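Some notes on the structure that comes next.
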There are 2 protein chains.
Amino acid sequence: MSNNLQLEKQLCFRLYSLNKLMCRLYAPLLKELALTYPQYLVMMVLWQYQEGISVKDLGGQLDLDSGTLSPLLKRMEKQALIKRERQTKDERVVLIKLTQAGINLQQSAEHIPAKMFAVTGLSAENLQALNLTLDQLIENIGN
Amino acid sequence: MSNNLQLEKQLCFRLYSLNKLMCRLYAPLLKELALTYPQYLVMMVLWQYQEGISVKDLGGQLDLDSGTLSPLLKRMEKQALIKRERQTKDERVVLIKLTQAGINLQQSAEHIPAKMFAVTGLSAENLQALNLTLDQLIENIGN
DNA sequence: AACAAATGAGTTGTACACAATCAAATAGCG
DNA sequence: CGCTATTTGATTGTGTACAACTCATTTGTT
């Protein structure tokens, strides 16, 4: 009677569930900004790289490949949040830059992290400890 | 200079990344069984409910709705891992049951949890503590 | 019995993820 | 210089997620 193959025992299932729960918690907040969750992640990177960032480096930050990013960025371009400029120096790389609207959106997003922290019901210490554990895990299994 | 909107600081991003990393670690093992990761989760539920389970209850276990499960189950039926039987008692519910091939697959999957545990690089105690923390978090934010 | 509300499953449309493949551009080497 | 290998991004195809909707079948109420 091997009990190993049980959902409730497995770390992977908790991560799977928690990730989905998190996305659902973000959804209503992000809807006000007309962003999906992955688009919000992209925006967070761009707010830190206002000088622009290549699709490749963006993918490096988010651990996503161009197969995911290209259509996603195209949708964001249609919403006028970003613009794409092909680098003259190396015609292969496309630089992603925020538009003014994209820059302005940062203010509207400022309240989100605190709100999300509140719903976790964790103390600041517990959150930090959890983050460290997860970082360790990412380090262990990441490639 | 609000640093709140930074990827590295946010729990959600760790969960997002870890979930993806986990899926990628499972992928090669599951490929041998011709299963995707969500299909593997479904199989784990079915191995515990060999008498059959309704689509609704399956969705309850996995936190998925029929919009996701219906096509997924259809693909698994095409692979002859499961069969669907409409209940006579209540014609609305469809009972999902394993085929013999689906039952047999459990043996082939038996080695997976131990293998996955190994790659986490966590001690049994640390894994248990992490599981408890995540359970608490799921409890806090789940609905 | 009659009929409105609720339930269970499926369908449709949108948006990720990712493998596999492709095309263009550049770098590197003989 | 010319040729090949690599790099970068885009495209295609498959498989989730999920909201919104449809449809058939109960269930509840009168």
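Residue numbering restarts at 1 for every chain, and letters A, B, ... go by the order of the sequence lines. The structure presented is a predicted model; accordingly, all values stated were derived computationally and were not measured.
- Taking the charged nitrogens against the carboxylate oxygens, B/Lys97 and B/Glu85 do have a contact shorter than 4.0 Å, which makes a salt bridge.
- Separating the CG atom of B/Leu58 from the P atom of D/dA17 is a distance of 13 Å, rounded to the nearest angstrom.
- The B/Glu91 side chain lies nearest to D/dT26 when the options are D/dT26, D/dG15, D/dA17.
- You'll find that the side chain of B/Lys20 is closest to C/dC18, out of C/dG10, C/dC18, D/dA10.
- Mapping A/Tyr37 and A/Arg92 onto DNA chain C via the closest heavy atom, the residue that lands nearer the 5' end is A/Tyr37.
- A salt bridge does not link B/Lys83 with B/Glu77: every distance from a Lys NZ or Arg NE/NH1/NH2 to an Asp or Glu carboxylate oxygen is 4.0 Å or more.
- Under a 4.0 Å N-O distance rule, the pair A/Asp63/B/Arg24 qualifies as a salt bridge.
- Distance B/Phe13 CZ to C/dC16 P: 15 Å, rounded to the nearest Å.
- Look at A/Arg75 and you'll find a side-chain N or O under 4.0 angstrom from OP1 or OP2 of C/dC16.
- When the side-chain nitrogen and oxygen atoms of B/Ser70 are compared with OP1 and OP2 of C/dG10, one or more of them lie within a distance under 4.0 Å.
- Residue order along DNA chain C, read from the 5' end via each residue's closest nucleotide, puts B/Val93 first among A/Leu72 and B/Val93.
- Listed nucleotides C/dC16, D/dG9, D/dA20 differ in distance to A/Lys31; the shortest reach to its side chain belongs to D/dA20.
- Closest to the side chain of A/Ser66, out of D/dA10, C/dA25, C/dA17, is D/dA10.
- Side-chain nitrogen and oxygen atoms of B/Tyr16 include none within less than 4.0 Å of the OP1 or OP2 phosphate oxygen of C/dC16.
- Mapping A/Cys23 and B/Thr88 onto DNA chain D by nearest heavy atom places A/Cys23 at the nucleotide closer to the 5' end.
- The distance from the OG atom of A/Ser17 to the CG atom of B/Leu137 is 11.5 Å, given to the nearest 0.5 Å.
- Across all strands shown, B/Thr36 has heavy atoms under 4.0 Å from sugar-phosphate atoms exclusively, and none from any base.
- Atoms OG1 and CG, on A/Thr120 and A/Leu21 in that order, are 13.0 Å from each other to the nearest 0.5 Å.
- Taking 4.0 angstrom as the limit, A/Gln39 places none of its side-chain polar atoms (N or O) nearer than this to OP1 or OP2 of C/dA15.
- Residue A/Lys74 has no polar side-chain atom (N or O) positioned under 4.0 Å from OP1 or OP2 of C/dA15.
- Dashed line: the shortest gap from a side-chain N or O of B/Arg86 to OP1 or OP2 of C/dG8 is not under 4.0 Å.
- Between A/Tyr26 atom OH and D/dC18 atom P there is a gap of 16 Å when expressed in whole angstrom units.
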